[in-house]
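Right, one structure below, let's go through it.
Computed over heavy atoms, backbone and side chain alike; hydrogens, waters and symmetry mates excluded. The chain is numbered in sequence order, starting from 1. Every number for a ligand or one of its atoms is a count from 1 in the order of the listing.
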Amino acid sequence: MQIALSADRQELHLSHGNQVVRFHGVWLRDNAQDAATRDPRNGQRLITLADVPADCSMSSARQDGDTIKVTFAADGKVVSFCPDWLRAHAYDVSRDTTPGRLPEGTQAWDSALSDHMPSGDLTAMQGDKAALLRWLNAMRRYGFAKVTGLPTHEGNLFDIVDLFGYVRETNYGRLFEVRTEVNPVNLAYTGLGLQAHTDNPYRDPQPTVQVLACLENSAQGGENMVVDGFAAAQRLRDENPYGFNLLTAHTARFSYTGSDGVALHSRRPMIELSPDGVLQAVRFNARSAAPLVDVPFDDMPAYYAAYRRLSTIIDDPAMEVQFKLTPGEAFVVDNTRVLHARKGYSGAGTRWLQGCYADRDGLLSTLAALEGTPA
Ligand code: FE2
């Protein structure tokens, strides 16, 4: 490894063969790892930018054993960096800039996932960190996983949330009932199916994890199905980049005012990208879509065409994974990504599910902490 400063002394250059990785002085100073800059116990930064000199030019940079020592010209402060740490945090890299890229650690899926549906047994996950890690990793990868082996009493879904975080309570309560008794006298009656949707897009932030646990399911039909919203968004992008761009570039609106004292409104895009183009969230819910008023007049027809195409893609059976829960089973979705639906049901019997929301950041935090645990 060769260490050099740029001619203006504003950049550190590390060379391996003919590959050069550059770092700016201001970035190095802000990311110093010494005890005066970062608390050694919790890793939190102890300084603000006001403590960083406006001029972060460097007077020298040299190798000292296993570290690189950088001296800043303004105040003579010497900061040591581990070369591996610098390599791991390099930002002078070529990047994929394709809009609609998947977030790291995720994988798009379609109906083929039916053959290897991610699932975990509750008792196994409660007692075995490796089993929990596998399930959490599936949640991060696919945004969807089943849980089996639940006790069949009310509130069993909280046992799932306890694995990784906390319930997010809403105006629907700590949990909500999804209960229908099919009228056996009138077999013509059919429980309505619901189009695949994400829940509660009218909240901001929307609930990021949804758990649905089955207590009874003896009705005919009533299967659940899930669709990967990221896969649907990518399919739209590949077919119609212009339409995809419209759905990402303009905000939609969602509302719920169905209960006394509740008036929930949000203004967010149907397909949300980070500023660098990575898929962040899909919001799709015809029932709570409010009038679109943020789309420019001239773009509205093309926006609706893209919205309609996204809806058709979501309804395509090739995109969906379908399953019927039995009592003691549940499924969990990343509600920022995976849409869920219920097929119609009919005939004698009951269907009783309980649902609740939780937070995805807690789930990912539990996963990251487990991944960091030495085996
Ligand atoms: Fe729902």
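- Counting only distance, with no hydrogens or angles, the side chain of Thr48 and the backbone of Ala50 share a donor-acceptor pair below 3.5 Å.
- Arg268 forms no cation-pi arrangement with Phe254, by the criterion of a distance under 6.0 Å to the ring centre and an angle within 45° of the ring axis.
- Counting heavy atoms from C-beta outward, Leu236 and Ile271 have side chains that approach closer than 4.5 Å.
- At a cut-off of 2.8 Å, measuring from the Fe ion (ligand 1), the protein N, O or S atoms that fall short of it are His197 NE2, Asp199 OD1, His340 NE2, waters left aside.
- Between Lys77 and Asp75 there is no salt bridge, since no side-chain N of the basic residue sits under 4.0 Å from a carboxylate O of the acidic one.
- With respect to the salt-bridge test (charged N to carboxylate O, under 4.0 angstrom), the residues Asp334 and Arg337 do not qualify.
- For the residue pair Thr336/Glu272, the side-chain donor-acceptor check at 3.5 Å is not satisfied.
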